[in-house]
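Only one structure is covered here, and it is reproduced in the block below.
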Amino acid sequence: MSATVRSALGVAVGARVPVLLWGGAGLGKSSAVREMALAAGLPCETVIASIREPSDFAGLPIVSPQGESVHFAPPAWAQRLAENGRGVLFLDEISTAPPAVQAALLRVVLERTVGDLALPDAVTVVAAANPPEQAADGWDLSPPLANRFCHLDWDLDAREWAEGVLAGFHPADVPLLDEEQLFGELTAARAAVGAFVIARGHLLHAHPGNEATAGRAWPSPRSWEMAARLIAATIVCNAADAVRAVLVAGAVGPAAAAEYLAWREDLDLPDPEDVLRDPTAFRLPERGDRAYAALAAVTAAVLANNTAERWEAAWLAIAAGTENGHADIAVAAVRLLIAHRPDGATPPAKVLTQMTPVLKTAGLFDVLTRGRR
Amino acid sequence: MFLPVDVDNPVRLDLTRLAAARLLAAESHPFLAIALYALTPVADSSRPTFAVDENWRLFINPQQLIDWSVQEVAGVLLHEVGHVIRDHAGRARTAIVVDESSRFLWNLAADAEINDDLRNAKVVLPQPAVFPETLKSPVGKVAEFYYANLSEHGRTPEFPIADCGAGCHGHSDNPDAQASALLPIGLSGSESLLLRRRVAEAIVIAAGKQAGTLPGGWLRWAEATLRPKLNWRKLLSAAIRSAVAAVSGASDYSYRRPARRQVPRVVLPSMQRPLPRVAVIVDTSGSVGEVALQRAWSEVHGCLRTLGVRRDLLTVFAADVDVRRLTGPPRRQMALLGGGGTNMALAIETALQSLARPDLVVVITDGLTPWPVRKPSRPVIVALLPSTMKRPATPSWARTVEIDEAETDPGDGQLPRQRVSTSRRRTHAA
């Protein structure tokens, strides 16, 4: 499990999306971030947020010698990052920072601006925090700040730790993302996320109702944009789909992420109207449950607009499936079709013959006509 | 879709028989149909019977498929798919199932959880099958409960070795690299996560259509999957933390005193942390259960203490027929059983009028009380204890956290539990 989170951290840093690692003290969050930066050749500036003041992030106000204007001077760590042109800004102990410091961090995290100094685009913000119930002096993260991060739960598997202690830990791998390719995938990912949000309007902006979850990931226009960027990055660097699931959940929260991923998976099913137009070209999906869902969609499309022609086309599509040993998967679809047979339509005998041995072995001869009234 | 692979001994599976059994299983449990079809069957003569792994690959002993009746095979399919749907492998890791004997115990516990529901649905299972009674445990519980019962008593039940595979206990037995390369891939972790969610949705829909016919274990699982219950300790402490932060103005920067860090010609703020006064009102009437009350009190007290609310800033009131200020930890008044009820309206009024002048009021009650009609002048948090009786709704101006009867969330409660014990010790010494 933590191998997935580790690669998710790398992908997010590569995509330059702010990441927040949640985990108890002593789990090695800080060292993991530093080692990752070292391995990727990125300079890493560690700033402990809890012992800083708001002026360390908003800039120290300096009155100009003539006294007519105020300049907000950035601290040395910000100047070093600006000079390097790239790197990782690591904000440690962010949940124990007082609310005024958290408010000052908003601009740093999202706009990479410290005082009057804009940090280069190639600087990624990584933060670490202890869950408030585990830190005696902890504050819940303020919801606006929480919404600017991709939240990852840093957990350590006992077996993995034992292996790491013997053979050395692998630092998270920061993929080098081709900017042009990322931009192309980003357009596609934004289109997908946009289509999903149109389908589920309530998930565009859903501020959580209680204090315990408001300090974590929740869906908002900003976090959906972040999710689209992360999805694009996982496609460019060809990451495992578990990594993508962790990243989307980290951006918009687990509930919204699960709905999005299920919706996305359904998009890969064949369009039932296409199938009915040309049933011979129909290839049943390999996975049994996907095949079942595809046949159910085709049957539902026929029942919505039932003509003899469409009804017979659905049978042809089913025939393509039953040949591959899907005979039992098609039973539910066949039963519905028989119950709603339009006048003058005849089912192909082939499908029924293919199904007979299975029905006979199961002792379910009447199963196909059971739905008829 | 079928990829019957067996490296040492290529035997073909009787696919018609398997499809027939799958059909029987899907007909009796329509809400599990997608899960049954998502299993990838693999012929494996080295397994004594059937087994399943975390990638939803179903390992089938071809001979056993023929020896069992089709009805029995259908029962076994429902059983094995139950392991992967209910994520027994993931839960085994949380329950720290490590060595071979504990794997065996976990396998029995998980089997009992599934078979209990299958028996209620009148599914035929090959004998001998494990049921809660086999493990001398009550029916209707979860695998964690049966497992804890088994490990606690340290007795291994007289039962033939059961091994439902890695999908049940999370431990794949000596993966032979050459053999596993030939295996079909099966489902990935996030694919199975999505599938589980879909099954849970199907169960909730089925339960709405045919109320009462669905075995209870399935519905409980589905509701827990779709709406994970948040730990009340987390909710209560978050509510108290944010209320304390709000009323005290947080530990924040203020210009009341200039900062020690001096910059010429600039006035910087310094850190101020005013601490609020908190009143805790404990319902000590007869209807309140002692154990639940102590748990809630320990949590509230521990949370306030970690926030730095010192003893002199904390006042505790006991409310039953009258309201008294307490000096020690609250106890339920045994003598008042069946006596007069609580009047929380009076208690909150008394607390706000007291000399201590609280900035925040925390109420621990079972809710069998009238509430103030008007919104009090200070924020109120209600820790609502479980009650079987019908009670008025808590007012909307109060932040209410419901406290569960049972200790849920086995992997999560460690730290709060420690906190409870220390605060209890402290209060007894006081």
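Each chain gets a letter, A, B and so on, in the order its sequence line appears, and its residues count up from 1.
For B/Ile185, the CD1 atom is loosely surrounded, since the number of other residues' heavy atoms within 6.0 Å does not exceed 12.
Looking at A/Ala245, only its side chain comes within 4.5 Å of chain B, counting heavy atoms on both sides. With a 4.5 angstrom heavy-atom cutoff, B/Ser188 touches chain A only via side-chain atoms.
The distance from atom CG of B/Leu194 to atom CZ of A/Arg264, rounded to the nearest 0.5 Å, is 12.0 Å. Remark: B/Leu36 CG to A/Asp328 CG distance equals 9.5 Å, nearest 0.5 Å. A distance of 11.0 Å separates CG in A/Leu261 from CD in B/Glu191, rounded to the nearest 0.5 Å. Distance check, rounded to the nearest 0.5 Å: OH of B/Tyr37 to CD1 of A/Ile329 gives 6.0 Å. Interatomic distance, B/Leu39 CG to A/Asp289 CG, rounded to the nearest 0.5 Å: 9.5 Å. Atom CG of B/Leu187 is separated from atom CZ of A/Arg287 by 4.5 Å, given to the nearest 0.5 angstrom.
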Begin with the C-alpha distance, continue with both residues' side-chain angles, and end with the deciding distance and a verdict on side chain to side chain contact (heavy atoms under 4.5 Å, CB included) for B/Glu27 and A/Val331.
CA-CA 10 Å; B/Glu27 286 290 313; A/Val331 165; 4.2 Å; yes
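In this structure, A/Glu265 and B/Leu195 have side chains that are not in contact, with every pair of non-hydrogen atoms separated by 4.5 Å or more. Between A/Leu359 and B/Leu23 the shortest side-chain heavy-atom distance falls below 4.5 Å.
The choice from A/Ala262, A/Ala242, A/Ala240 that makes the most heavy-atom pairs within less than 4.5 Å of chain B is A/Ala262.
Although no hydrogens or angles enter the test, the distance criterion places no donor-acceptor pair under 3.5 Å between the side chain of B/Arg17 and the main chain of A/Ala362.
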